[in-house]
2 protein chains.
Amino acid sequence: MSDLCVGLSDSSLPALYEQSTHINLDKSETLFLSDQAAEHIFNVREGTMTLYRMGAGGQRQILGFLFTGDLFGITPDASYNVSAQAGSEVSLCRWNKDRFDDLLVLYPAMAQQYRLITSKLLAQSLNLAFALGQLTAEQRLAGFLLHISQRQARIGGIPGFAALPMSRMDIADYLGLTIETVSRGLTRLRKKGLISMVTRDLIELSDLKTLSRMNQGEEA
Amino acid sequence: MSDLCVGLSDSSLPALYEQSTHINLDKSETLFLSDQAAEHIFNVREGTMTLYRMGAGGQRQILGFLFTGDLFGITPDASYNVSAQAGSEVSLCRWNKDRFDDLLVLYPAMAQQYRLITSKLLAQSLNLAFALGQLTAEQRLAGFLLHISQRQARIGGIPGFAALPMSRMDIADYLGLTIETVSRGLTRLRKKGLISMVTRDLIELSDLKTLSRMNQGEEA
DNA sequence: CGGTTTGTTGAGTTCTATCAACCGGGGTGG
DNA sequence: CCACCCCGGTTGATAGAACTCAACAAACCG
């Protein structure tokens, strides 16, 4: 998958791993802010990172929840275009931007992997834009739960369940909603029998088919 | 800039241009649909293309208006994740996906250019997600006009003016609004003295500073 | 155990969508 | 040439989804 650094020692590209610096962050620690000079590229080894952007009016749009294996810090400009904060205790790999580029030139297979990763990032952000532009609160929530559960299934979670390590505030800021609307939405999904809440932060997706249809934008 | 094919004959990478097929489309012609097998990558030589995604309920989210020099058709999967339609008479360069990859391996400078382009695409779609998630109708419109005028200034437009070659419907579907809200929004921006409408489709941005602040999400 | 934080539920407001009427330019045909 | 229609855009009235403000409940922590 997107494993560039994680478990890289046993891959065919040990150079990348060797050239990286390891970093650890505590929960809520800020790694970098939007508009700061972009010197590094990062990869999540363990934990979760949150990418977001603040508006001048204090709005926060979360643009991605990152999990193990995810790459971030990519920008076309000299500065980052998002801010990055640890969502949990986190351990990261870090490369100097220019060094990273050198490595990609040196190892074409790695460059190809990089292209695959970035195209996935692009696809993800198009998905988010579609959701924010066209889906209702409930539909966005359905998609969010599916997304999280699929993401977690790949890194050892229970299929059909979504663990929510982030707060309702984070979910709201990701889906372009308020915490109240998120809360109400979850309640309505529950009352419709599409999900059930094991705990506040662990949700069972009981009707994957309907949830998936909702995420496609099917009318109620 | 993103000129991979346009004017490539006089650049340092003639190989890319030589390996491309040229295609012409009439206005409104569909180039490919979402979920179709992705065999090619394209570059706009002249005209405008529209990338969009349809929802199961008939919603359309436009995910990008493409102009001269823009690259599209990038997907991590075997099929496209958006649909592409000509917004005007259009002429394109086309490469076979695999051939294109070969070229990138062959020419590292080209691969680097490609990485820059994709990171710009990513940045753009993050901008859209921020706008759709956090900005009001008026703020989105302000940003849209700025975006268009900047885009056009680079390819020979008049700075401070935005020509809108697309319909109100297209603008609405891009900004996650309805045509009525777009219309009202433009009227309000006009009444505030931030823009003036030379014609329906040519708008003068009279107060770039305020428009820009609005796009950052500053409260009314 | 009290106090603080996080999440849920309720009541009222606001912004955008919906439904409908109207306007104006561009093409067509009488 | 002009009347007519058609289509895209604007404006108006109303409805609905999500937001705001506020109270309450539940979990968390010292």
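Computed from a predicted model, the values in this text were never measured in an experiment. In what follows, chains are A, B, ... by sequence order, proteins preceding strands, each numbered from 1.
The residue among B:T187 and A:V182 whose nearest nucleotide of DNA chain D is located toward the 5' end is B:T187. Nearest-nucleotide mapping onto DNA chain C: of B:L135 and A:S167, the residue sitting toward the 5' end is A:S167.
Counting only N and O atoms by type, the side chains of B:T136 and B:Q139 include a donor and acceptor under 3.5 Å apart.
Note: CG (B:D201) to P (D:dG8) measures 12 Å, nearest angstrom. Across the protein-nucleic acid pair, B:I179 atom CD1 and C:dT16 atom C1' stand 14 Å apart, rounded to whole Å. Going from atom CZ of B:R140 over to atom P of C:dC15 covers 13 Å, rounded to whole Å. Computed from coordinates, the B:I171 CD1 to D:dG8 P distance equals 14 Å when rounded to whole Å. Taking atom CE on B:M169 and atom P on D:dG9, their separation rounds to 10 Å, with Å as the unit. Distance CD (B:E219) to C1' (C:dT14): 16 Å, rounded to an integer number of Å. Computed from coordinates, the A:L175 CG to D:dA17 C1' distance equals 15 Å when rounded to whole Å. For A:D173 and D:dC19, the CG to C1' distance is 13 Å, given to the nearest whole Å.
At D:dC19, one or more side-chain N or O atoms of A:T178 fall inside 4.0 Å of OP1 or OP2 (strictly under the cut-off). Of the side-chain N and O atoms in A:T181, none sit less than 4.0 angstrom from OP1 or OP2 of D:dA18.
A tilted orientation is assigned to the rings of B:F42 and B:Y80, their planes being inclined by 30° to 60°. Using bins of under 30°, 30° to 60° and over 60° for the plane-to-plane angle, the ring pair A:F144/A:Y174 lands in the tilted bin.
Of all nucleotides listed (D:dC19, C:dT16, D:dT11), D:dT11 comes nearest to the side chain of B:R184. The side chain of A:R190 has C:dT9 as its nearest neighbour among C:dG7, D:dT11, C:dT9.
From one end of the helix from C:dC1-D:dG30 to C:dG30-D:dC1 to the other, with five pairs defining each end axis, the axis direction shifts by 30° (rounded to 10°).
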All N/O contacts under 3.5 Å from nucleotides 22-30 of chain D to the protein, with atom names and distances to one decimal?
none

Next on the checklist: Set out, in order, the CA-CA distance, both residues' side-chain angles and the distance that settles salt bridge (Lys or Arg N to Asp or Glu O under 4.0 Å) for A:E138 and A:K192, then state yes or no.
Outcome noted: CA-CA 11 Å; A:E138 234 172 294; A:K192 287 183 183 174; 2.5 Å; yes
Next on the checklist: Go through it in stages, so that I can follow the logic: the residues are B:S91 and B:H22, the test is side chain to side chain contact (heavy atoms under 4.5 Å, CB included), and I'd like the CA-CA distance, side-chain angles, deciding distance and then a yes or no.
Outcome noted: CA-CA 7 Å; B:S91 114; B:H22 288 172; over 6 Å; no
Next on the checklist: One pair to check against side chain to side chain contact (heavy atoms under 4.5 Å, CB included): A:K120 and A:I117. What are the steps and the verdict?
Outcome noted: CA-CA 5 Å; A:K120 279 185 190 172; A:I117 291 173; 5.7 Å; no
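Checking each of B:L63, B:L92, B:L121 against B:F72 for a side-chain contact (heavy atoms from CB on, under 4.5 Å) leaves exactly one that passes, namely B:L92.
Heavy atoms of B:L186 sit nowhere under 4.0 angstrom from any nucleic acid atom. Using a 4.0 Å heavy-atom distance criterion, B:G176 is classed as a sugar-phosphate-only contact.
The side-chain heavy atoms of A:L31 and A:M49, taken from C-beta on, include a pair separated by under 4.5 Å.
For the side-chain hydrogen bond (donor to acceptor under 3.5 Å, both in side chains) condition, the pairs that include at least one residue of residues 47-59 of chain B, sequence neighbours left out, are A:N127-B:R53.
Note: A:Q85 CD to A:S28 OG = 5.5 Å, rounded to the nearest 0.5 Å.
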